[in-house]
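Reading through the structure tokens given below for one structure.
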Amino acid sequence: MARTIIVSNRLPTKVQRTADGLTFQPSEGGLATGLGSIYRADDNIWVGWPGLFVDNPAEQQHVADQLRNDSMAPVFLTETEIRDFYEGFSNSTLWPIFHYFNEYASFEEAHWEAYVAANQKFCDAVLELAGPDDTIWVHDYQLLLLPQMLRRARPNATIGFFLHIPFPSYELLRVLPWSKELLEGMLGADLIGFHTFYYMRHFLSAVSNLLGLPNQNGQIETPSRMVLVDAFPMGIDYERYASAAASEAALAHIETFREALRGVRMILSIDRLDYTKGIAQRLRAFEELLKRYPEWREQVSLLMLVVPSRDQVTQYQALKVEVDELVGRINAQYGTIAWTPILYFYRSLPFDQLVALYRLADVALVTPVRDGMNLVAKEFIACKADQRGVLILSERAGAAQELSDALLINPTATGKVADVLHQALTMPEEEQKSRMSSLQALVRQYDVFAWTELFMNRLAYSKIKQLTLGTDLLDDDASAQLRRDYQKAPHRLLLLDYGGTLVGFHNNPEHAKPDEELLHLLRALTANPQNRVVIISGHDRPTLEKWLGHLRLDFIAEHGVWLRRAGEEWYLFRPMESVWKQAFRPLLEQYVSRTAGAFIEEKDYSLVWHYRRADAALGEVRSRELLNHLNFMTSNTDLQVLEGNKALEIKTIGITKGTAAQRWLTPDSSDFILAIGDDRSDEDIFRALPAHAYSVKVGSAIHSAARYAVGGVSDVRKLLTELTEVEANRPDVHIAQSTPT
Ligand SMILES: O=P(O)(O)OC[C@H]1O[C@H](O[C@H]2O[C@H](CO)[C@@H](O)[C@H](O)[C@H]2O)[C@H](O)[C@@H](O)[C@@H]1O
Ligand SMILES: O=c1ccn([C@@H]2O[C@H](COP(=O)(O)OP(=O)(O)O)[C@@H](O)[C@H]2O)c(=O)[nH]1
């Protein structure tokens, strides 16, 4: 039966070393607590780290056996991996950058290397367990490279990825020297999920700006596949919290806590000790409440449960000192014999005590400065059996996008938070109930099971969508077949686009000069008289002549305007005008001055407005505008506007790379045809080909008419090199070539 393999750095069970040996406890942190309710169903397995350094093989075996009973498979991290991968790259580089604390981030090459190696270790562990039909669901920032690693090993696997923390704006992400690798790692998944639409938008813009991959309606076009991106706000196991809060055990705890509080009202604060959680800001806001509203002294306490976290990382150690000092100072200043303003606990609590605190609290004060979601806010809501109590929530927590009936605050506005605390403590019961009941309806309906179902349905949909797109990757089998067909064929026609296909895409088209490797390759291909090789390019005649004119190649230049057979003269596709250029140039110039980085290229019979050097988003916006303008100006003329790769080209109607290529496609011309191109203009060639031809799209093949797709220029060169090697193995045969009409 097909299973789901969940993979995350932290397992829902943590192993601890005590005087009595190893113990097994539930992990804290929202990822582990949140997913804890779903993974046991249907034979699923959870692969992850049990939170402790265990190197003794007998102990490792014991841990693995214990965890196996609970459907978990441990990945044991060495001490160096814990330091460099977990505390290092994950929590001293990615965590601060993704939470907008870039001043806390370190950039250590050794940590990056450890991160790559640890992701590979998780990959190996998953591959050992996962069957071909299993769905692999990877979680969080510690494993951003894992989807791509799994994809390389299992090209057809179903892989989902969910990020539990914010995805930062592109400006923050680009600070990371490894940002491209991380994005590419994530794109190995079929579906990438975020808690909010904002995180998703930031991700899409980073992918567009850093990798140059376009997206539409949350679908990213990668060279080989379409990847879906969507927002899935994570829920909790609502019924588990609601019923636990109503249980006998919880009621008994509530009684004890109430007695201890002796009529003092309680503001509750629960989180891991983390600088993202705004703990110091919260303490200052509580102090401000006591200052501004002295009537609350001796009437209300802040119960602050702080769970130890990542205590080997410098900033976490410094935060502990800061929080200890603040609590000490406020308690010393305001406390009385009968009343302690802040009840401070630095530990974790068992589940039934936790839910008792949620149920008892008058106010939950949740003030992170950044938080992916924040499940504490949702757990508080689920525990409110009598619907009394008020949630104060930072607008910078992912949860704020959904929980609009909470009192939303800016966590750094200390005075305002104090005022809102006063508002919460004096809120009429009727208003409390009305707000809480709509919050409960939302959190109950969109619980962790609904969240999982939505994610899984969307993941299945992404697979179906990929299968219906119709272009296959030119994998080993397909390219072996291509080579066999090539070898058999007495006449071969190779139609090769130039920029983006044979050489990389350059910011300046004039810099796309062929290198020695390419010249050698073209020389080898044209050396065999069975081959006719046509370079089909948007470049002008003089440029192609200068770069490649000395080789035995045919040419189609200016997107089909000029043609030349090897050793012969250039000729025009058909007679045409160029006076119209004067009328269009001022408009293009206007768009150049409005779009930093845009430029104009003038050819004999066409004008091109390029935006490859402009900011990606601005370039798209301006090109849409210009396109509308140009469509209007060219209507009822014999001109057309072609959309190229980051370019708009105006030229005579009916002349494209495809119409020009047709001149080479006579019925007896070739037994083997191969066309390769990366640009929208190459689609005209693909569409012009007979069914038996090989058409290969370089880069994203979504909406392409090509039969096959390859990733980039290096794949094209590899393919062509392999063809020259086929040649070398074959006895020399000389067969006359047909020439284009
Ligand atoms: O594993 P740790 O280093 O001990 O850290 C605990 C977890 O912290 C983070 O939790 C996040 O996930 C929650 C659920 O989606 C979300 O509500 C919260 O906003 C996040 O901070 C981290 O993302 C997990 O990987 C850690 O396990
Ligand atoms: O003593 C405690 C205190 C908190 N938690 C849990 O830790 C999680 C914190 O998740 P959240 O999403 O709020 O933040 P994270 O720590 O994941 O950043 C919640 O499920 C809490 O119930 C816990 O298990 N034991």
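For ligands, and for the atoms within them, numbers begin at 1 and follow the listed sequence.
- Taking atom 4 (C) of ligand 2 as the reference point, the nearest protein heavy-atom neighbour is I270 CG2, 3.8 Å.
- The nearest heavy-atom contact from the protein to atom 26 (C) of ligand 1 is R310 NH2, 4.1 Å.
- Ligand 1 has no N or O atom lying under 3.5 Å from any N or O atom of E28, backbone or side chain.
- Aromatic ring orientation, H195 versus Y199: perpendicular (interplanar angle above 60°, classes split at 30° and 60°).
- When heavy-atom distances to ligand 2 are checked against a 4.0 Å cut-off, K277 comes that close only through its side chain, counted from C-beta outward.
- Within the 4.0 Å heavy-atom shell around ligand 1 one finds W95.
- Residues V300 and M266 come closest through the heavy atom pair CG2-N, 4.3 Å.
- With a 4.0 Å heavy-atom cut-off, ligand 2 is reached by the backbone of N374 and by its side chain too.
- The closest heavy-atom contact to atom 16 (C) of ligand 1, among the options M373, R10, H139, comes from M373.
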side-chain hydrogen bond (donor to acceptor under 3.5 Å, both in side chains) assessment of D190 paired with S462: CA-CA 6 Å; D190 298 300; S462 78; 5.0 Å; no
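- The two residues K121 and L77 have their closest heavy-atom pair at NZ-CA, 4.2 Å.
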Please walk me through it: do W112 and D84 pass side-chain contact (heavy atoms from CB on, under 4.5 Å)? CA-CA 8 Å; W112 164 248; D84 292 351; over 6 Å; no
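- Taking each heavy atom of V355 and A250 in turn, the nearest pair found is CG2-CB, 4.2 Å.
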Run the numbers on R370 and Y100 for side-chain hydrogen bond (donor to acceptor under 3.5 Å, both in side chains), then give the verdict. CA-CA 8 Å; R370 293 277 167 192; Y100 295 77; 4.7 Å; no
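- Near L31, meaning under 4.0 Å from one of its heavy atoms, ligand 1 places the atoms 12 (O), 13 (C), 14 (C), 24 (C), 25 (O).
- Between K277 and D274 there is no salt bridge, since no side-chain N of the basic residue sits under 4.0 Å from a carboxylate O of the acidic one.
- The single protein non-hydrogen atom nearest to atom 10 (O) of ligand 2 is G30 N, 3.0 Å, given as residue, atom name and distance.
- Those atoms of ligand 1 with a heavy atom of G30 less than 4.0 angstrom away are 13 (C), 14 (C).
- Smallest separation of non-hydrogen atoms from F167 and L183: CZ-CD2, 3.8 Å.
- Heavy-atom contacts from other residues, nucleotides or ligands closer than 6.0 Å to NZ of K320 number more than 12.
- Under 4.0 Å from ligand 1, not a single heavy atom of W49 appears.
- The nearest protein atom to atom 22 (O) of ligand 2, hydrogens excluded, is given as E379 OE1, 2.6 Å; this is a heavy-atom distance.
- If you run side chain to side chain contact (heavy atoms under 4.5 Å, CB included) between V327 and each of L343, L283, T340, V306, only L283 comes through.
- Against a heavy-atom cut-off of under 4.0 Å, V307 is close to the following atoms of ligand 2: 1 (O), 2 (C), 3 (C).
- By the 4.0 Å N-to-carboxylate-O rule, D140 lies too far from R10 to be salt-bridged with it.
- Residue Q142 places at least one N or O, backbone or side chain, under 3.5 Å from an N or O of ligand 1.
- From the protein, the heavy atom lying nearest to atom 6 (C) of ligand 2 is T33 CG2, 3.9 Å.
- Atoms of ligand 1 lying under 4.0 Å from any heavy atom of I165, numbered from 1 in the order shown and given with element: 23 (O).
- For ligand 1, the atoms sitting less than 4.0 Å from at least one non-hydrogen atom of M234 are 14 (C), 15 (O), numbered in the order shown with element in parentheses.
- Atoms of ligand 2 lying under 4.0 Å from at least one heavy atom of V376, given by number and element, are 13 (O).
- Taking the six-membered ring for Trp and the full ring otherwise, the centers of W137 and F161 sit at least 6.0 Å from each other.
- Shortest contact from atom 7 (O) of ligand 2 to any protein heavy atom: G29 N, 3.3 Å.
- In this structure, atom 3 (O) of ligand 1 lies nearest to the protein heavy atom Y86 OH, 2.5 Å.
- At the top of the distance list for atom 1 (O) of ligand 2, counting protein heavy atoms only, stands L349 N, 2.7 Å.
- If you number the atoms of ligand 2 from 1 as listed, the ones under 4.0 Å from a heavy atom of R272 come out as 15 (P), 16 (O), 18 (O).
- Residue L354 touches ligand 2 through its side chain alone, judged by heavy-atom distances below 4.0 Å.
- Closest approach of L408 and A400 over heavy atoms only: CD2-CB, 4.0 Å.
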Verdict with supporting geometry, F101 and E103, side-chain contact (heavy atoms from CB on, under 4.5 Å): CA-CA 5 Å; F101 279 83; E103 70 278 17; 3.9 Å; yes
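- A distance of 6.0 Å or more separates the ring centres of W451 and F232.
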Could you walk me through whether F257 and Q353 satisfy the side-chain contact (heavy atoms from CB on, under 4.5 Å) test, starting with their C-alpha distance in whole Å, then the side-chain angles of each, then the deciding distance to 0.1 Å, before giving a yes or no? CA-CA 10 Å; F257 297 159; Q353 291 190 32; 4.2 Å; yes
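- Aromatic ring pairs are classed by plane angle as parallel below 30°, tilted from 30° to 60° and perpendicular above 60°; the pair W95 and Y141 is tilted.
- Of the protein's non-hydrogen atoms, R272 NE, 3.6 Å is the one closest to atom 6 (C) of ligand 1.
- Contacts between L375 and ligand 1 below 4.0 angstrom, taking non-hydrogen atoms only, involve backbone and side chain alike.
- Ring geometry, F455 versus F162: the interplanar angle exceeds 60°, so the pair is classed perpendicular (tilted spans 30 to 60°).
- Listed by number with element, the atoms of ligand 2 under 4.0 Å from a non-hydrogen atom of S348 are 1 (O), 2 (C).
- Contacts of L305 with ligand 2, taken as heavy-atom pairs under 4.0 Å, involve the side chain alone.
- Protein heavy atom nearest atom 23 (C) of ligand 2, with residue, atom name and distance: E28 CG, 3.6 Å.
- Residue-to-ligand polar distances keep Y141 apart from ligand 1: every N/O pair is separated by 3.5 Å or more.
- Both the sub-6.0 Å distance and the 45° axial angle are satisfied by R240 relative to the ring of F351.
- At a heavy-atom cutoff of 4.0 Å, ligand 1 is contacted by no atom of N9, backbone or side chain.
- The shortest N or O to N or O distance between D140 and ligand 1 is below 3.5 Å.
- Among all protein heavy atoms, the one lying closest to atom 17 (O) of ligand 1 is N374 N, 2.9 Å.
- Here the closest non-hydrogen pair linking S179 and L210 is OG-CD1, 3.8 Å.
- In this structure, the protein non-hydrogen atom closest to atom 20 (C) of ligand 1 is H164 O, 3.5 Å.
- Remark: minimum distance from atom 19 (O) of ligand 1 to any protein heavy atom is reached at D371 OD1, 2.4 Å.
- Against a heavy-atom cut-off of under 4.0 Å, H195 is close to the following atoms of ligand 1: 15 (O).
- Scanning the protein for heavy atoms near atom 12 (O) of ligand 2, the closest one is L375 N, 2.9 Å.
- Here is the list of ligand 1 atoms found below 4.0 Å of a heavy atom in G372: 19 (O).
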